[in-house]
Each structure stands twice: as structure tokens, then as C-alpha cells.
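Please read the structure below before turning to the comments.
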Amino acid sequence: MKIYFIDKTGKNGRIAKELQTRGYENVEIKNTYSFKCTKSDYVILSEYNKHDKDNEMLCKYNNLIIISKDIDKDTIYDYIRKYKVIDIITEKATDEYIAERITKSFV
């Protein structure tokens with residue numbers, strides 16, 4: 001199992017570092033959606049931008065965790081309908097809480 005942390009803007013690396021302090025050494029930070037992963041890997045999108053033209057590439061990932069500022073009912077439904085999402089977390093939460101939620105998603 002490998003963990004890919006997509007941080008296109010470079011603002012959320014602290015969450016990836018929090019995962020590493022929790023004992024997950026196999027966290028790889030990416031700044032693009034274009035990379036290969038297996039079905040057992042986890043992909044964490046640190047901030048979803050609905051206007052990003054590359055969002056269609058997110059469909060290829062099986063274990064997707066989205067950290068989003070928009071967590072209204074319609075947006076969550078849209079994430080679930082379009083992607084293979086296992087968790088959606090608000091970006092307003094603390095880094096420690098987000099890391100805890102992410103680690104609970106690893107089965």
C-alpha cells in the first residue's frame with residue numbers, strides 16, 4: 001500500500017508530514033494528477049478545485065480521499081457520483097483531525 005498526497009498548490013504539505021509522524025513512511029507528495037498507482041494504493045486530494053480541467057483524471061483512482069472547503073450536500077453527492085471516494089473531509093478541520101480521519105480510512 002502506498003499513499004499519494006496530491007498538493008497542487010503546495011499549501012497542504014503539513015498534512016502529509018502529519019501522516020508521516022503517525023508512522024506512514026510511504027507517503028509520496030505529488031503536484032499533478034498524472035501518476036500510476038495500484039488498486040490497493042490511497043490517493044489524497046488536499047484541495048479540490050471544481051474548475052480544474054484535470055479533474056476527470058481523478059476517476060481512475062480507487063481509494064480517493066478528498067479534502068474540500070465545499071462540503072454541502074450537493075457537492076458531496078457530486079463527489080460520490082463522479083469518483084470512487086472513500087472519505088470527504090472538510091479543510092476547516094485541524095491537521096491532526098484530518099490525519100486521524102485519513103488513517104482510519106486505511107483498511
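In this structure, K11 places its NZ atom where only 12 or fewer heavy-atom neighbours from other residues, nucleotides or ligands lie under 6.0 Å away.
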(request) Applying salt bridge (charged side-chain N to carboxylate O under 4.0 Å, His left out), run through K2 and D41 and close with a yes or a no. (result) CA-CA 5 Å; K2 195 163 191 171; D41 294 337; over 6 Å; no
(request) Using the salt bridge (charged side-chain N to carboxylate O under 4.0 Å, His left out) rule, take R22 and E18 through it: C-alpha gap first, then chi angles, then the decisive distance, then the call. (result) CA-CA 6 Å; R22 292 173 183 263; E18 182 69 29; 3.5 Å; yes
(request) Report the C-alpha separation of L45 and Y33 in whole Å, then their side-chain angles, then the decisive distance to 0.1 Å, and conclude whether the side-chain contact (heavy atoms from CB on, under 4.5 Å) test is met. (result) CA-CA 9 Å; L45 179 60; Y33 296 164; 3.6 Å; yes
(request) Begin with the C-alpha distance, continue with both residues' side-chain angles, and end with the deciding distance and a verdict on salt bridge (charged side-chain N to carboxylate O under 4.0 Å, His left out) for D87 and R101. (result) CA-CA 8 Å; D87 200 0; R101 281 277 296 271; 2.6 Å; yes
(message) Run S34 and T32 through side chain to side chain donor-acceptor pair (under 3.5 Å) and show every step you take.
(response) CA-CA 5 Å; S34 182; T32 181; 5.1 Å; no
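For the pair N63 (side chain) and K39 (backbone), a donor-acceptor distance under 3.5 Å is present. Checking side-chain atoms of S68 against main-chain N and O of T90 turns up no donor-acceptor pair under 3.5 Å. In this structure, the side chain of D52 does not engage the main chain of N49 through any donor-acceptor pair within 3.5 Å. The main-chain N or O of I71 is never found under 3.5 Å from a side-chain atom of T75 such that the two would form a donor-acceptor pair. Of the possible polar contacts, one joining the D7 side chain to the N12 backbone as a donor-acceptor pair under 3.5 Å is found.
If you chain together hydrophobic residues whose side chains sit under 4.5 Å apart, F106 and V43 never meet in one group. Linking Ile, Leu, Val, Met, Phe, Trp and Tyr whenever their side-chain heavy atoms come within less than 4.5 Å puts I98 and Y42 in one cluster. Hydrophobic cluster membership differs between I86 and L64, with clusters built from Ile, Leu, Val, Met, Phe, Trp and Tyr side chains linked at under 4.5 angstrom.
A distance of 10.0 Å separates OG1 of T94 from CZ of R14, quoted to the nearest 0.5 Å. For the atom pair CD of Q20 and CG of N26, the computed distance is 9.0 Å after rounding to the nearest 0.5 Å. Atom SG of C37 and atom NZ of K30 lie 10.0 Å apart (nearest 0.5 Å). Separating the NZ atom in K84 from the CG atom in N62 is a distance of 4.5 Å, to the nearest 0.5 Å.
Under the ring-ring contact (aromatic ring centres under 6.0 Å, His included) criterion, F35 pairs with Y4, Y61, not counting sequence neighbours.
Between I89 and I65 there is a side-chain heavy-atom pair separated by less than 4.5 Å. Annotation: side chain of Y48 is in contact with side chain of L58 (closest heavy-atom distance under 4.5 Å). Using a 4.5 Å heavy-atom threshold, the side chains of Y24 and M1 count as touching. A heavy-atom distance below 4.5 Å is found between the side chains of L19 and T103. Contact of the K8 side chain with the D54 side chain is registered, since non-hydrogen atoms from C-beta on lie closer than 4.5 Å. Side-chain atoms of E28 and I3, non-hydrogen and from C-beta on, never get closer than 4.5 Å to each other. When side chains are defined from C-beta on, I88 counts as touching I80, because their heavy atoms get closer than 4.5 Å.
Among I29, I67, V27, the one residue that satisfies the side-chain contact (heavy atoms from CB on, under 4.5 Å) test with I15 is I67.
Using modelled atom types and a 3.5 Å distance limit, the side chains of N55 and Y83 yield no donor-acceptor pair.
In this structure, K17 fails the cation-pi test against F5, since its NZ or CZ atom is not both closer than 6.0 Å to the six-membered ring centre and inside 45 degrees of the ring normal.
Residue pairs meeting the salt bridge (Lys or Arg N to Asp or Glu O under 4.0 Å) criterion with at least one member in residues 64-74: none, sequence neighbours excluded.
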